[in-house]
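Working notes for the structure below.
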Amino acid sequence: MLLQELREQVVYYGRQMLQSGLTMHTGGNLSVRDRESGLIAIKPSSKPYDLLKPEDITVIDLEGNIVDGPYKPSSEWPMHTLIYKTYPRVCAVVHCHRIYATAAAAAGQEIPLFNHELCMYCSSPVRVMPFEVPGSDALGESAIRGFGEDNCVTLLQNHGPIAMGASMWHAFDAACAVEQAAHALFITKAYGQLQLIPEEGRAALRRCDPLQKPDTGKVEIVAV
């Protein structure tokens with residue numbers, strides 16, 4: 001099977017999204033890119049995560065053409081391919097519809113750098129980008145502006161968070177980090193003043209992100 005290992009990763013992490021509450025039913029999408037061929041394994045459109053098998057995962061090229069798989073790719077494939085074209089070192093994208101991060105996006109609430117998990121993936125507060133129609137080219141362009149040159153996560157207004165990483169493991173971890181931060185921010189407001197992590201601490205944590213390290217040409221593969 002073409003890109004079998006990467007298709008298995010999409011199945012595994014799709015179920016992790018569902019089981020961890022990062023999404024429900026068919027919401028959101030995720031993909032992983034093969035660095036050697038440039039081909040992308042992406043969740044098929046409107047298919048429940050818990051029913052997916054590796055052979056169900058769609059393989060597309062950077063222009064969105066279907067290379068393998070029985071189903072249409074996620075309708076938001078233009079956003080995924082644009083991210084890969086813009087950031088050559090990125091090999092995975094995770095977009096979810098989790099409650100607290102989505103609520104922050106709807107409220108226009110950027111997420112400050114106050115927990116160490118988020119600091120690994122961001123050098124500035126997580127931005128909220130203006131609403132764009134799902135599946136449109138404009139949505140992908142908005143995500144790129146949200147990431148900028150300093151963050152691996154951003155919030156799409158009235159839509160949800162999106163994260164990118166050097167591997168599926170890292171993209172999923174970044175998606176978890178932004179949801180945890182959004183949830184903690186909601187609770188912290190009841191306590192009063194928010195305490196940010198000092199600048200030197202943020203810089204040290206940021207160096208842990210694999211996208212900030214020299215590119216070896218190798219992609220971390222997580223067993224599934």
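Computed from a predicted structure; not experimentally measured.
Partners of Thr154 by side-chain hydrogen bond (donor to acceptor under 3.5 Å, both in side chains), not counting sequence neighbours: none found. Scored by the salt bridge (Lys or Arg N to Asp or Glu O under 4.0 Å) test, Glu76 finds no partners at all (sequence neighbours excluded). Scored by the side-chain hydrogen bond (donor to acceptor under 3.5 Å, both in side chains) test, Ser123 finds Arg206 as partners (sequence neighbours excluded). Partners of Lys85 by salt bridge (Lys or Arg N to Asp or Glu O under 4.0 Å), not counting sequence neighbours, listed by chain and number: Glu63. Listed by chain and number, the residues in a salt bridge (Lys or Arg N to Asp or Glu O under 4.0 Å) with Asp137 amount to none (sequence neighbours excluded). The side chain to side chain contact (heavy atoms under 4.5 Å, CB included) test applied to Ser20 returns Leu22, Phe172, not counting sequence neighbours. Applying the side-chain hydrogen bond (donor to acceptor under 3.5 Å, both in side chains) criterion to Ser124, with sequence neighbours excluded, gives Arg127, Asp150, Asn151. For the side-chain hydrogen bond (donor to acceptor under 3.5 Å, both in side chains) test, residues two or more places apart in sequence or in another chain that qualify with Asp34 are Ser37.
Evaluation of the side-chain hydrogen bond (donor to acceptor under 3.5 Å, both in side chains) test over residues 108-118, restricted to residues two or more places apart or in two chains, returns Asn115-Glu117. Among pairs with a residue in residues 40-49, none fulfils side-chain hydrogen bond (donor to acceptor under 3.5 Å, both in side chains), at least two apart in sequence or across chains. Screening residues 186-201 for side-chain hydrogen bond (donor to acceptor under 3.5 Å, both in side chains) gives no qualifying pairs among residues at least two apart or on separate chains.
Minimum interatomic distance between Leu211 and Gly165 (heavy atoms only, all atoms of both residues): CD1-CA, 4.2 Å. Glu132 and Ser142 get closest at one heavy-atom pair: CG-CB, 4.0 Å. In terms of heavy atoms, Cys152 sits closest to Phe147 at O-CE2, 3.2 Å. Considering every non-hydrogen atom in both Gly38 and Arg33, the closest pair reads O-CG, 4.0 Å. Summarising the geometry of Gly27 relative to Met17, their closest heavy-atom pair is O-CE, 4.4 Å, with the distance given to 0.1 Å. When all heavy atoms of Ala171 and Ala163 are compared, the pair lying nearest together is O-CB, 3.5 Å.
Rounding to the nearest 0.5 angstrom, the gap separating the SG atom in Cys91 from the CG atom in Leu6 is 9.0 Å. Cys96 contributes atom SG, which lies 14.0 Å from atom OH of Tyr13 (distance to the nearest 0.5 angstrom). Taking CG from Leu82 and CD from Glu141, the interatomic distance works out to 6.5 Å, rounded to the nearest 0.5 Å. Residue His97 holds its NE2 atom at 9.5 Å from CD1 of Ile162, rounded to the nearest 0.5 Å. Between Met129 atom CE and Leu156 atom CG the span is 8.5 Å, to the nearest 0.5 Å. Interatomic distance, CD1 of Ile144 versus CD of Glu149, reported as 9.5 Å (0.5 Å rounding).
Between the side chain of Arg202 and the backbone N or O of Cys119 there is no donor-acceptor pair closer than 3.5 Å. In this structure, Glu179 contributes its side chain and Ala101 its backbone to a donor-acceptor pair below 3.5 Å.
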Margin query: Using the rule given for side chain to side chain contact (heavy atoms under 4.5 Å, CB included), can you reason through Ile40 versus Val93, listing the C-alpha separation, both sets of side-chain angles and the distance that settles it, and then say yes or no?
Written below: CA-CA 10 Å; Ile40 300 160; Val93 174; over 6 Å; no
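The side chain to side chain contact (heavy atoms under 4.5 Å, CB included) test with Arg7 is passed by exactly one of Leu2, Leu52, Ile42: Leu2. For the side chain to side chain contact (heavy atoms under 4.5 Å, CB included) test with Thr58, the passing option among Pro70, Ser31, Pro73 is Pro73; the others fail.
Grouping Ile, Leu, Val, Met, Phe, Trp and Tyr by side-chain contacts under 4.5 Å, direct or through others, puts Ile111 with Leu113, Phe114, Leu118, Val126, Val128, Val153, Leu155, Val178, Leu185, Leu194, Leu196.
Hydrophobic clustering, with ILVMFWY side chains joined whenever heavy atoms are under 4.5 angstrom apart, groups Trp169 together with Val11. Hydrophobic clustering, with ILVMFWY side chains joined whenever heavy atoms are under 4.5 angstrom apart, keeps Tyr71 apart from Leu3. Under a hydrophobic-cluster definition in which Ile, Leu, Val, Met, Phe, Trp and Tyr are linked whenever side-chain heavy atoms come within less than 4.5 Å, directly or via other members, Leu62 and Trp77 are assigned to the same cluster. Cluster membership check: Met1 does not share its hydrophobic cluster with Val59, using side-chain heavy-atom separations under 4.5 Å among Ile, Leu, Val, Met, Phe, Trp and Tyr. Hydrophobic cluster membership is shared by Ile60 and Val90, with clusters built from Ile, Leu, Val, Met, Phe, Trp and Tyr side chains linked at under 4.5 angstrom.
Side-chain polar atoms of Gln9 and Glu5 form no donor-acceptor pair below 3.5 angstrom.
Considering only heavy atoms from C-beta on, Asp56 comes within 4.5 Å of Lys53 through its side chain. Residues Asp50 and Gln19 form no side-chain contact, since every pair of their non-hydrogen atoms from C-beta on lies 4.5 Å or further apart.
Aromatic rings of His159 and His95 (six-membered ring for Trp) have centroids within the 6.0 Å cut-off, being under it.
Within 6.0 Å of the CZ atom in Phe186, the count of heavy atoms belonging to other residues, nucleotides or ligands does not exceed 12.
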